[in-house]
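These notes are about the structure you will find just below.
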Amino acid sequence: MTFIQHNLQQVRQRLGAAAENCGRDPQQITLLAVSKTKPVSAIREAWQAGQRCFGENYVQEGVEKIAQTRDLPEAEWHFIGPLQSNKSRLVAENFSWCHTIDRLKLAQRLNDQRPSHLPPLNVLIQVNISDEQSKSGISPHEIPALAQQIALLPQLKLRGLMAIPAPETEYQAQLAVCRRMAEEFRTLSTAYSNIDTLSLGMSDDMEAAIEAGSTMVRVGSAIFGARHYPPSSQ
Ligand SMILES: *Cc1c(COP(=O)(O)O)cnc(C)c1O
């Protein structure tokens, strides 16, 4: 078994155990493999081990990998990085999902640029749940107004919320912030149909995210190993 196959098996076990521990069906939690900085060969290996959803942070890198993996049936690409408006077209034309909507202007551009022959782009509103100055995302009280505007855009399908909580080492602290996010998610889902995705949890906090109610965990290093160059400045 290869390194990546082995890691994937471990992560699936963690996901399954975390779901079972709180009485959830593991099938209702999507594993998104975050392949940023990793080569196409690693993506192929994960695909061969049954992985279908992949997340990329950098537009150019993601678009190149998508082009190089067109032969992989059912591979689904999620854009999960900060998105500058001048790069929105590449996301609209190449990805199935964008997790990082944090302003109306970006949503409008993606809507206008989404090719009509493709299904609507699935989008998530990114929420700054830890209230860090440096992190992107809107504050929770701004969710209703942005959601209302996005819901009017026909080439976008609003599916839910995404967050990157500030790193916490204690499980209870992770759980507390994840629960605040889950509360925002529940509120949004009572207001709109199609809201079914809470993108929350990474390699180090996926268990807490799952206990809180995450429906999509974004896992990079636990699957592909440590990243060898730091994320570029955004
Ligand atoms: C890099 C990244 C991840 C994966 O992080 P790991 O700690 O490697 O699992 C998840 N979400 C986002 C938005 C990321 O940028």
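Read the numbers this way: they start at 1 and go in the same order the structure lists the ligands and their atoms. Keep in mind that this is a model prediction, so the values were computed, not measured.
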Run through ligand 1 for me and note each protein residue having a heavy atom under 4.0 Å from it, chain first, then residue number.
-> V34, K36, N57, I80, M162, I164, M202, S203, R218, V219, G220, S221, R227
Hey, what's the ring geometry for F79 with F95, parallel, tilted or perpendicular (30° and 60° as the breaks)?
-> perpendicular
Is any side-chain heavy atom of L156 less than 4.5 Å from a side-chain heavy atom of P120?
-> no
Judged by modelled atom types alone, do S199 and R159 share a side-chain donor-acceptor pair under 3.5 Å?
-> no
Main-chain N/O of Q155 paired to N111 side chain as donor or acceptor, under 3.5 Å = yes
Of all heavy-atom pairs between S35 and E56, which one has the smallest distance, and what is that distance?
-> OG-OE2, 2.7 Å
For F185, all residues meeting ring-ring contact (aromatic ring centres under 6.0 Å, His included), sequence neighbours excluded = none
